[in-house]
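As a basis for the values below, the full set of heavy atoms in this structure was taken, side chains included, without hydrogen atoms, waters or symmetry mates. Below, chains carry the letters A, B, ... as their sequence lines are ordered, and counting in each starts from 1.
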Amino acid sequence: MQLLLDAISWICLLSGGFFVVAGGIGLLRFPDFFTRLHAASVTDTLGTGLILLGLMLQSGFSQASVKLILILVFLFFSSPTAAHALAKAALHGKLVPFVKR
Amino acid sequence: MKHAFSLFAVLAGLWILLSGEFQTLLLVLGVISAAGVCWLALRMDAKDGEYPVVNVRLLRLGRYWLWLIKEIVKANINVTREILRPELRLSPSIFRVPADGLSELGQVTYANSITLTPGTVSINIKDRHIEVHALIQPAADDLQRGEMVRRLRRLEPN
Amino acid sequence: MYIAGIAAVLVTMALTLARAFMGPTVYDRILAVNSFGTKTVLIIALYGYFTGRPDFLDIALVYALINFIGTIAVLKFFEYGDLGRDRPSQPDDI
C-alpha cells in the first residue's frame, strides 16, 4: 500500500515537473505577450497542482497536507486574477495582441 | 454583524489549522488577532460600502469544480502539445462570449474559470460580455459552445 | 525523487529569468517575475520535503500571498503611476 502511494506520488511529481518545464519553454518560445500568458498558466495550474498533489500523497492525512491544500487553493484563486490584471493592463497600455485572421 | 461573526469563525478555524497547537497563550493570541482582522475588515466595509455575498449551492459548486479540473487537465495537455511542437502553429484570436443570466459573483467565477483554463484568457468584462483571448482555435471553439456558462447558470441561487 | 522536481523547477526558473531579462515589454517582465514567484513557492515546498522539514510550507504559503500582492501592486503602479491616489472609480477598473 505504502509502495503504491509512493509510486503515485512520484508519478505526480515527475509529470508536474514536466508541465512546469513545458510552461517555461512556452514562456520563452511564444511570439507575443498574450500568447506567453497562456504558457505561464500551464505551469500555474497543472504543473503546480501535480507537484503539490505529489507532496500531499507523501505526507498523507496530516497538517502538512492541509497547508498544501491551502497553498493550492490560494494559487488557483490568485493566478487567474493576476493573469487577468496583466492582460487588462497590457491592453490598457496600448499593447496590440498579435491575432491571426 | 453576521458577516463579522462568520469571518471570525473562518479566521479562528484557519489559525487552529495552521498552528496545530492548543496551549492557552497561543489560543488567546489567535483570538486577539482574529478579532483585530475582523475590526479592520469592518472598517474597510464601512468605507467602500461593499459586503461580500457568497450565495451558491455548495453541492453543485463541488460538482462544477470537478468538471472544471477535468477541463483544465484537457486544456493543459492541448497547450503543452502546442508548446512542444517543433514549429509553432498558433492561431490566436479575440472574441466575445455572452455572460448573461449570471450574478456578479457568477460573472467573476466565469471570467476566472476562463483564465484558469490554459488556452483562453479573459481580458475584459463589458455589457454582460466577456472578451477572451484564445491561443488555439479548438480552445476558442470549446468556449463558444457555451458548456461552461450553462453549468454556471445552474449554480445561481433560484 | 524530490531532486527531479527541484531540478525541473530550477530549469524553469532559469527560463523565466531569461524572459524577464529579454522583455521586450514591461508586461512580459512582470509576467515572468510573477511566474518566477510561483516557482519559488514550489521550490520552497519541495526543498522542505527534501530536507525532511515540512515546516517550510508556512514560508511557501506566505510567499504565495506576497507574490500575488506584489504583482498587483507593480501593475497598479505602472497603470496609474501611483499606489494610493484617491480617484473616482471607473466602471472598467481592474
Between C:L42 and the options A:I51, A:I71, A:L55, A:L75, the side chain to side chain contact (heavy atoms under 4.5 Å, CB included) test singles out A:I51

Value for OH (C:Y49) from OG (A:S9), rounded to nearest 0.5 Å, stands at 9.5 Å

Max heavy-atom pairs within cutoff under 4.5 Å with chain C, candidates A:G16, A:G47, A:S59, goes to A:S59

Applying a strict 4.5 Å limit to non-hydrogen atoms, the region of A:L14 in contact with chain C is side chain

Pair count under 4.5 Å, heavy atoms only, with chain A: among C:L57, C:D55, C:N67, highest is C:L57

Assert top hit (heavy-atom pairs under 4.5 Å, partner chain A, pool C:V11, C:L65, C:V9, C:I30) equals C:L65

Closest non-hydrogen contact found for C:L15 with A:G24 is CD1-C, 3.6 Å

CZ (A:F33) and CG (C:L31) are apart, to the nearest 0.5 Å, by 5.5 Å

Among A:D6, A:L27, A:L52, A:V21, the residue with the most heavy-atom pairs under 4.5 Å to chain C is A:L27

Shortest non-hydrogen pair, A:L28 vs C:R19, comes out as O-NH2, 2.9 Å

Distance col, row A:T81:OG1 vs C:I72:CD1, nearest 0.5 angstrom, shows 7.0 Å

Cut-off 4.5 Å, heavy atoms of chain C, and the answer for A:F77 is neither

So NZ of A:K67 and CD1 of C:I59: to nearest 0.5 Å the spacing works out to 10.0 Å

So, the part of C:T16 with a heavy atom under 4.5 Å from chain A: the answer is both

Between the CG atom in C:D28 and the CZ atom in A:F30, the distance rounded to the nearest 0.5 Å is 13.5 Å

Heaviest contributor of heavy-atom pairs below 4.5 Å to chain A, chosen from C:I6, C:T71, C:D58, is C:D58

Whatever's closer than 4.5 Å to a heavy atom in chain A on C:V41 counts as side chain

Taken to the nearest 0.5 Å, the spacing of A:K88 NZ from C:L75 CG works out to 12.0 Å

Q) With a cut-off of 6.0 Å (strictly less than), are more than 12 heavy atoms of other residues, nucleotides or ligands near CZ of A:F74? A) yes

Scanning both residues in full, the closest heavy-atom pair of A:A82 with C:N34 reads CB-ND2, 3.7 Å

Practice item. For residues C:L46 and A:L13, determine if any side-chain heavy atom of one lies less than 4.5 Å from a side-chain heavy atom of the other. Key: yes

Q) If you count the non-hydrogen atoms of other residues, nucleotides and ligands that lie under 6.0 Å from CG in A:L3, is the total more than 12? A) no

